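Notes follow the structure.
This one's a predicted model, so the numbers in the text were calculated from it and none came from an experiment. For reference, positions follow the sequence shown, starting with 1.
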Amino acid sequence: MEESLEYQKKSWIALKKSINGLLNKINKANIKHIIPELFEENLIRGRGLFCRSIMKSQLNSAIFTDVFAALIAVVNTKFPQIGELLCKRIILQLRRAYNNNNKPQMLASVKFIGHLVNQQVVHELVALELVTLLLEKPTDDSVDVAVGFVKECGSILQDLCPSGLHAIFERFRGILHEGEIDKRVQFLIEDLFALRKHKFQPAVPPELDLVEEEDRLTHEISLGDKVDEQIELNVFKPDPNFVENENKYEQLQKRILGGGDQDEESEDDDESKDEGEQQMKIEDETETNLINLRRTIYLTIMSSAEFEEAGHKLLKIRLEPGQEMELCIMLLECCSQEKTFLHYYALLGQRLCMINKVHQKNFEKSFMQQYSMIHQLETNKLRNVAKFFAHLLGTDALPWHVLAYLRLTEEDTTSSSRIFIKILFQELSGHLGIRMLNERLSDPSMQESFESIFPKDNPKNMRFAINFFTSIGLGGITENLRDYLKNMPRLILQQDKRVSRSSESDDDRPRKRRRS
């Protein structure tokens with residue numbers, strides 16, 4: 001039952017992992033793709049998780065603070081209560097860092113507030129209040145933090161509150177004249193004056209300016225306000241109306257992502273178009289849908305923390321008949337792009353094969369396609385693909401008859417295909433052990449599938465296969481082929497004897513006299 005306590009706990013854990021995964025992947029290049037994916041998660045239920053996760057990510061990766069602030073600006077337009085909760089928690093974090101003299105946490109909190117001011121999520125008066133606090137009793141550390149903060153949001157303060165910014169710089173000038181701070185910090189203040197003279201950098205770069213001016217919501221929270229950080233939202237609590245609330249969020253999500261129905265006028269306009277334009281539009285929409293599907297699959301794979309979570313999410317994606325292959329293609333593509341092989345992708349592929357035979361057949365096709373174009377792959381991609389399929393074979397997620405597609409002869413292989421076969425069998429040996437691998441390859445029922453790897457058509461190909469496996473440290477799996485090659489002269493001699501006997505018997509038959 002979906003209302004059961006166990007189901008709700010699992011849903012909570014999955015929500016937590018998904019939010020963490022998305023925030024760990026976000027950057028300037030993919031933020032527009034991550035945002036729709038994030039709205040698909042129940043942010044109202046997980047608002048505490050979201051705020052905690054984004055604050056932790058920003059603390060660990062301060063270089064992405066502008067990206068996190070842009071994300072908050074978008075979320076804030078749809079869910080102002082989440083934006084307000086985050087602002088309160090950051091201010092509380094700032095207070096704790098200030099009281100405990102924790103400079104790293106202080107720098108991170110100040111940087112985050114500065115970028116939230118740039119995005120107009122936090123009111124500019126908070127920025128002026130913060131700088132005043134830092135410069136009230138100036139120390140080397142407090143002035144250092146204040147200089148960094150003004151660099152972050154000086155441009156927006158110049159536009160929205162020029163008189164306040166002027167007062168801040170007058171205070172900096174007074175600190176310089178007092179001369180009680182370290183020379184290094186004095187140089188920082190002088191650099192700040194030079195930066196002001198040559199104009200500050202734009203508050204928000206174009207790629208992170210994602211919210212229209214009329215949609216912005218600004219929170220007015222003072223540093224001295226008594227705020228509740230609602231810590232209880234960070235932990236799981238059973239919801240008696242779980243299903244109802246989930247359905248409500250699903251409807252809200254559809255409205256946010258633009259899933260509403262078109263109005264009658266647009267439908268009438270579509271009907272008035274000629275057949276050629278309609279056909280063109282249908283083709284364009286199909287291509288768009290395919291691109292969106294690939295993006296959804298990619299984001300799901302890359303944002304999931306564990307392969308079980310990724311498999312669960314991928315199986316929930318609605319695929320049209322014939323689109324199942326896209327899932328296999330994207331999984332292999334993600335796997336091949338990694339610098340080193342990650343078992344995450346192989347475990348995910350194994351899970352898909354075990355759950356649905358359709359995916360298993362598609363991976364069979366992918367095996368053939370990848371091997372046919374193996375010469376086009378870089379060595380690193382080739383290695384990852386070989387290890388991926390070796391895992392599927394070693395766990396019986398993929399049937400071994402696919403090996404029939406590999407033909408191991410000097411004429412039928414290239415350097416790339418030989419590297420692929422080498423890595424494939426070395427991985428299988430490592431996974432199964434040489435004895436178990438030899439038993440699998442000696443299975444009488446599968447010999448037809450293995451004839452292309454262990455050819456017995458002529459001595460040259462047999463020696464090539466034996467030498468190949470011996471050179472890669474797997475000579476043990478060629479014992480049967482060695483025995484066959486060793487006994488081959490005797491077999492040929494026996495065949496020759498049978499042929500000669502049959503010819504002699506033909507000669508001994510009485511010949512009919514020819515009529516004169």
Side-chain angles (χ1 to χ4, degrees), residues 58-59 62-63 65-66 68-69 72 86-205 216 218-227:
Q58 188 271 336
L59 195 61
I63 193 171
T65 303
D66 54 350
F68 294 131
I72 291 297
L86 181 79
C87 294
K88 288 178 178 178
R89 289 190 175 186
I90 293 173
I91 285 174
L92 281 172
Q93 179 178 274
L94 176 69
R95 283 185 199 164
R96 294 191 191 107
Y98 183 79
N99 293 331
N100 297 331
N101 200 23
N102 186 339
K103 188 177 178 183
Q105 195 173 62
M106 185 76 180
L107 284 168
S109 303
V110 165
K111 190 179 182 72
F112 209 172
I113 291 173
H115 283 284
L116 289 175
V117 170
N118 288 342
Q119 291 284 353
Q120 297 181 43
V121 175
V122 174
H123 201 277
E124 64 270 16
L125 291 178
V126 175
L128 298 176
E129 190 179 3
L130 176 56
V131 179
T132 303
L133 174 67
L134 291 169
L135 300 182
E136 186 178 8
K137 296 178 181 178
T139 63
D140 291 344
D141 286 343
S142 68
V143 175
D144 188 0
V145 172
V147 169
F149 179 75
V150 175
K151 283 182 179 179
E152 295 291 351
C153 58
S155 178
I156 194 82
L157 291 176
Q158 183 72 54
D159 293 336
L160 300 179
C161 192
S163 58
L165 185 65
H166 177 72
I168 289 171
F169 273 91
E170 287 302 308
R171 180 66 184 125
F172 276 125
R173 199 185 305 277
I175 292 171
L176 274 178
H177 290 161
E178 290 168 6
E180 295 179 1
I181 56 172
D182 188 72
K183 286 286 184 184
R184 180 187 67 85
V185 183
Q186 291 182 25
F187 288 140
L188 290 176
I189 296 175
E190 290 172 1
D191 289 341
L192 185 62
F193 273 91
L195 182 63
R196 182 195 186 191
K197 184 178 180 180
H198 295 95
K199 293 189 178 181
F200 293 98
Q201 294 291 329
V204 181
R216 295 187 186 278
T218 305
H219 300 284
E220 297 183 14
I221 304 172
S222 174
L223 295 180
D225 286 350
K226 187 177 181 180
V227 295

- Should the pair Lys197-Glu190 be classified as a salt bridge under the 4.0 Å nitrogen-to-oxygen rule? no
- Message: Check this for me, if you would: do Arg184 and Asp144 make a salt bridge, where the nitrogen-to-carboxylate-oxygen distance has to be below 4.0 angstrom?
- Response: yes
How close do [X] and [Y] get, counting heavy atoms only, and between which atoms?
X      : Y      : result
Ala194 : His198 : O-ND1, 2.9 Å
Met106 : Ala97  : N-CB, 3.7 Å
Ala203 : Asn118 : O-ND2, 3.4 Å
Ala69  : His115 : CB-CB, 3.6 Å
His219 : Cys87  : CD2-SG, 4.2 Å
Ala127 : Cys153 : CB-SG, 4.3 Å

Distance, nearest 0.5 Å, that separates [atom1] of [X] from [atom2] of [Y]:
X      : Y      : atom1 : atom2 : result
Ile175 : His177 : CD1   : NE2   : 11.5 Å
Leu165 : Asp159 : CG    : CG    : 10.0 Å
Thr65  : Leu59  : OG1   : CG    : 9.5 Å
Lys183 : Asp140 : NZ    : CG    : 12.5 Å
Lys151 : Arg196 : NZ    : CZ    : 15.0 Å
Glu170 : Leu135 : CD    : CG    : 12.5 Å

- Message: Is it the case that the side chains of Thr218 and Gln120 hold a donor-acceptor pair, with the cut-off being a distance below 3.5 Å and no angle test?
- Response: no
- CA sep, side-chain torsions, deciding dist, call: Lys137, Ser142, side chain to side chain contact (heavy atoms under 4.5 Å, CB included): CA-CA 8 Å; Lys137 296 178 181 178; Ser142 68; over 6 Å; no
Between [X] and [Y], is any pair of side-chain heavy atoms under 4.5 Å apart?
X      : Y      : value
Val122 : Ile221 : no
Arg216 : Gln119 : yes
Ile72  : Gln58  : no
Phe200 : Leu157 : no
Pro138 : Arg171 : yes
Leu223 : Leu130 : yes
Phe112 : Leu94  : no

- Message: When you measure from the side chain of Asn102 to the backbone of Arg96, do you find a donor-acceptor pair of N or O atoms at a distance under 3.5 Å?
- Response: no
- Can you list the steps and then say if Ile189 with Ile181 is a side chain to side chain contact (heavy atoms under 4.5 Å, CB included)? CA-CA 11 Å; Ile189 296 175; Ile181 56 172; 3.8 Å; yes
- Between Phe169 and Phe193, how do the two ring planes meet: parallel, tilted or perpendicular, split at 30° and 60°? perpendicular
- Item | Stepwise side chain to side chain contact (heavy atoms under 4.5 Å, CB included) check, Ile156 with Val204 | CA-CA 9 Å; Ile156 194 82; Val204 181; over 6 Å; no
